[in-house]
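Excluded from the calculations below are hydrogen atoms, water molecules and symmetry mates; all remaining heavy atoms, backbone and side chain alike, are included. Since we're looking at a predicted model, the values are computed, not measured. Residues: numbered from 1 along the sequence shown.
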Amino acid sequence: MDNKILLSLLGIAALSLAACGGAETTKPGVEDKSVGAEPSGVGAGAGVDGKALDAKGKADLLAKRRVYFAFDSSAVDEENRAIVEAHAAYLAANKNVKVVFEGHADERGTREYNLALGERRSQAVERMVKVLGLTADRIKNVSYGEEKPVAMDHNEAAWALNRRVEIIY
């Protein structure tokens, strides 16, 4: 795909997601070490600023399999957008690979609300990868709400880690 077209699509995706808006994202205070090895066959990609990423930059982004969200939000911020874009580029280059987006929420709110919030989060990531060229038949969304926390404490640091979408392929 031509870089100008890709950048235009990324701009449209950013505007679409910004319109879905939300509060400013709170970043988890703990580094995410739960990721698997880098997928093989990493395709060319661009960073959120439109500059080409080097191989190490792409590998670093692909090593991240979690997209984090602000409290009560399904908006993808700039840092996490780069992660989604890197995975979208990988998936576009590997047409036989399917992906599952697992949406999660922290423990605050009702079970039903958190299931719906997890679904909105997984759908936000799905919309981004579709704009970047993935087809619906390669994507599955699941929401676990608050049911599968990665951090068990009852504080902001733990809640920030639990507000996420897991990218699984």
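- Taking CZ of R81 as the start and CD of E78 as the end, the distance is 4.5 Å to the nearest 0.5 Å.
- Rounding to the nearest 0.5 Å gives a distance of 9.0 Å between CG of L61 and CD of E85.
- The backbone N or O of R108 lies less than 3.5 Å from a partner atom in the side chain of D106, making a donor-acceptor pair.
- Using the six-membered ring where Trp is involved, Y169 and H87 have ring planes that are perpendicular, over 60° apart on the 30 and 60° scheme.
- In this structure a side-chain-to-backbone donor-acceptor pair under 3.5 Å is present from N155 to A157.
- When every heavy atom of D72 is checked against every heavy atom of R121, the shortest pair comes out as N-NH2, 3.7 Å.
- Taking CZ of F69 as the start and CG of N80 as the end, the distance is 7.0 Å to the nearest 0.5 Å.
- For the atom pair CD1 (I83) and CZ (R66), the distance works out to 11.5 Å, reported to the nearest 0.5 Å.
- The distance from the CZ atom of F71 to the CG atom of L117 is 9.0 Å, given to the nearest 0.5 Å.
- Ion pairing between a basic and an acidic side chain is recognised when a charged N comes within 4.0 Å of a carboxylate O; K64 and D60 show no such pairing.
- Residues I168 and I139 are members of separate hydrophobic clusters, defined by side-chain heavy-atom contacts under 4.5 angstrom among Ile, Leu, Val, Met, Phe, Trp and Tyr.
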One pair to check against salt bridge (Lys or Arg N to Asp or Glu O under 4.0 Å): E126 and R138. What are the steps and the verdict?
CA-CA 10 Å; E126 177 187 28; R138 296 177 58 199; over 6 Å; no
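- Here the closest non-hydrogen pair linking S122 and G103 is CB-N, 4.0 Å.
- Heavy atoms only, all atoms of each residue included: K95 and A92 are closest at NZ-O, 2.9 Å.
- Of all non-hydrogen atoms in E119 and S143, the two that sit nearest each other are N-OG, 3.2 Å.
- In this model, a donor atom of one side chain and an acceptor atom of the other lie less than 3.5 Å apart for H154 and E107.
- Under the side-chain contact (heavy atoms from CB on, under 4.5 Å) criterion, E147 pairs with R111, not counting sequence neighbours.
- Within the 4.5 Å cutoff, the side chain of F101 has no heavy atoms near those of the E166 side chain.
- Of all non-hydrogen atoms in V129 and A88, the two that sit nearest each other are CG1-CB, 3.9 Å.
- Taking hydrophobic clusters as Ile, Leu, Val, Met, Phe, Trp and Tyr residues chained together by side-chain heavy-atom distances below 4.5 Å, V150 shares a cluster with Y68.
- The backbone N or O of N162 lies less than 3.5 Å from a partner atom in the side chain of R164, making a donor-acceptor pair.
- Side-chain heavy atoms closer than 4.5 Å link hydrophobic residues (I, L, V, M, F, W, Y) into clusters, and following such links, even through other members, never connects V165 to W159.
- Under the 4.5 Å side-chain criterion, counting only non-hydrogen atoms from C-beta, V76 is in contact with V67.
- Side-chain atoms of K148 and H104, non-hydrogen and from C-beta on, do get closer than 4.5 Å to each other.
- A single hydrophobic cluster is seen to contain both V99 and V97, as judged by linkage of ILVMFWY side chains at heavy-atom distances under 4.5 Å, directly or through other members.
- Separating the CD atom in E102 from the CZ atom in R65 is a distance of 11.5 Å, to the nearest 0.5 Å.
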